[in-house]
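Comments concern the structure below.
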Amino acid sequence: MNVTILYYTKTGHTLEAATAVAEGIRSAGSEAELVPIEDAVLESLADSAGLIVASPCWAGSITPSGVARPVAEVLDSLPPDCLSGKRCGGVAVHSTTGGKRTVKTLGRRLADKGCTDYRAGPAAKAGSALSLWKGPSVQPDDEERFRAYGADFVA
Ligand SMILES: Cc1cc2nc3c(=O)[nH]c(=O)nc-3n(C[C@H](O)[C@H](O)[C@H](O)COP(=O)(O)O)c2cc1C
C-alpha cells in the first residue's frame with residue numbers, strides 16, 4: 001500500500017510526528033511519501049491508496065476546530081468526493097491541549113471530501129504555546145506511538 005502523508009509544520013514538531021508515522025508504514029513493508037501540504041498535488045493524491053494528514057493544533061482548546069489554518073485551507077480546496085474509497089488518517093501535535101480535537105476535526109474535514117474510512121491517530125505533546133519558542137521535541141515514547149500507528153494503518 002502506498003500512503004501519502006501531508007503535513008504542515010511551523011517549528012518542526014509535526015514533521016517529527018509525520019516522519020515517525022512514515023517509518024512505521026515502511027517497517028510494515030508499505031511505501032510512505034512525506035509531502036508538505038502546501039505542495040499537495042491532487043493527481044498524486046489520487047495515485048495513493050492511503051492519505052494521512054498531520055497538523056499542529058492551532059487554537060484547539062478554544063475553538064471547535066484546532067486544525068492549523070494552512071491545513072484547513074488545502075483540505076477545503078479539494079474537490080468533493082476526491083477521497084472516496086481511500087483509507088485516511090490524521091495525527092496531531094499540541095503544546096498543552098487540543099490535539100485529540102485536531103485529530104477528530106481532521107476526520108470530519110476528510111469525510112467532507114468523501115472519506116468513509118478514517119483511522120484516527122495519536123496526538124502528542126511538543127512545542128510551546130503559539131510556537132513563539134520551539135520548545136521540546138516529540139518525545140521518544142510518542143514517536144513510538146506514531147510508528148505503531150503507521151504500521152497499523154497499512155495492516
Ligand atoms: C497559531 C497557533 C495556535 C496554537 N494553538 C494551540 C492550542 O490551542 N493548544 C496547544 O496545545 N498548542 C497550540 N499551539 C502550539 C502548537 O500546537 C505546538 O507548538 C506544536 O508543537 C507546533 O507544531 P509545529 O512545530 O509542527 O509547528 C499553537 C501554535 C500556533 C502557532
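Just follow the structure's listing: the first ligand is 1, and inside any ligand the first atom is 1. These values consider heavy atoms only, across backbone and side chains, with no hydrogens, waters or symmetry-generated copies.
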Task: Backbone or side-chain N or O of T11 under 3.5 Å from ligand 1 N or O - done: yes
Open item on the list: With respect to G12, determine whether any N or O atom, backbone or side chain, lies less than 3.5 Å from an N or O atom of ligand 1.
Closed with: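 Yes; the residue has a nitrogen or oxygen that sits under 3.5 Å from a nitrogen or oxygen of the ligand.
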TODO: Determine, using heavy atoms of A126 and all atoms of ligand 1, whether some pair is separated by less than 4.0 Å.
DONE: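 Judged by the 4.0 Å heavy-atom criterion, A126 does count as contacting ligand 1.
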Open item on the list: Contact between I25 and I5 at the side-chain level, heavy atoms closer than 4.5 Å - yes or no?
Closed with: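 Answer yes - side chains close enough.
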Give the atoms of ligand 1, by number and element, whose distance to some non-hydrogen atom of [X] is under 4.0 Å.
{"X": "V93", "answer": "17 (O), 20 (C), 21 (O), 23 (O)"}
{"X": "H94", "answer": "10 (C), 11 (O), 17 (O)"}
{"X": "G127", "answer": "19 (O), 21 (O)"}
{"X": "P56", "answer": "22 (C), 23 (O)"}
{"X": "T14", "answer": "23 (O), 24 (P), 26 (O)"}
{"X": "G60", "answer": "7 (C), 8 (O)"}
{"X": "A59", "answer": "3 (C), 4 (C), 5 (N), 6 (C), 7 (C), 8 (O)"}

[atom] - nearest protein heavy atom and its distance:
{"atom": "atom 19 (O) of ligand 1", "value": "S128 O, 2.9 Å"}
{"atom": "atom 12 (N) of ligand 1", "value": "S95 OG, 2.9 Å"}
{"atom": "atom 22 (C) of ligand 1", "value": "S131 OG, 3.6 Å"}
{"atom": "atom 6 (C) of ligand 1", "value": "C57 O, 3.3 Å"}

- [ ] Indicate yes or no: does R147 engage E144 in a salt bridge with an N to O separation below 4.0 Å.
- [x]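 Yes.
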Main-chain N/O of [Y] paired to [X] side chain as donor or acceptor, under 3.5 Å:
{"X": "T102", "Y": "G66", "answer": "yes"}
{"X": "R87", "Y": "F153", "answer": "yes"}
{"X": "Y149", "Y": "R119", "answer": "yes"}
{"X": "K86", "Y": "S48", "answer": "yes"}
{"X": "K113", "Y": "D76", "answer": "yes"}

TODO: Count the heavy atoms of every other residue, nucleotide or ligand shown that sit under 6.0 Å from NZ of K10, and state whether that count exceeds 12.
DONE: no
Task: Nearest candidate to atom 9 (N) of ligand 1, where distance is taken over non-hydrogen atoms, out of T96, T102, T97, V138 - done: T97
Task: Per-residue contact class, A68 against ligand 1 - non-hydrogen pairs under 4.0 Å - done: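 The answer is neither; A68 stays 4.0 Å or more away.
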Open item on the list: Heavy-atom pairs closer than 4.0 Å: do any link ligand 1 to the side chain of L15, the backbone, both, or neither?
Closed with: neither
Task: Evaluation steps, salt bridge (Lys or Arg N to Asp or Glu O under 4.0 Å), between D112 and R109 - done: CA-CA 5 Å; D112 286 346; R109 286 182 176 271; over 6 Å; no
Task: Passing candidate, side-chain contact (heavy atoms from CB on, under 4.5 Å) with T4, options V53, L34, L45, V41 - done: L45
- [ ] Mind running side-chain contact (heavy atoms from CB on, under 4.5 Å) on H94 and K125 for me, showing each step along the way?
- [x] CA-CA 5 Å; H94 61 163; K125 201 166 175 173; 4.2 Å; yes
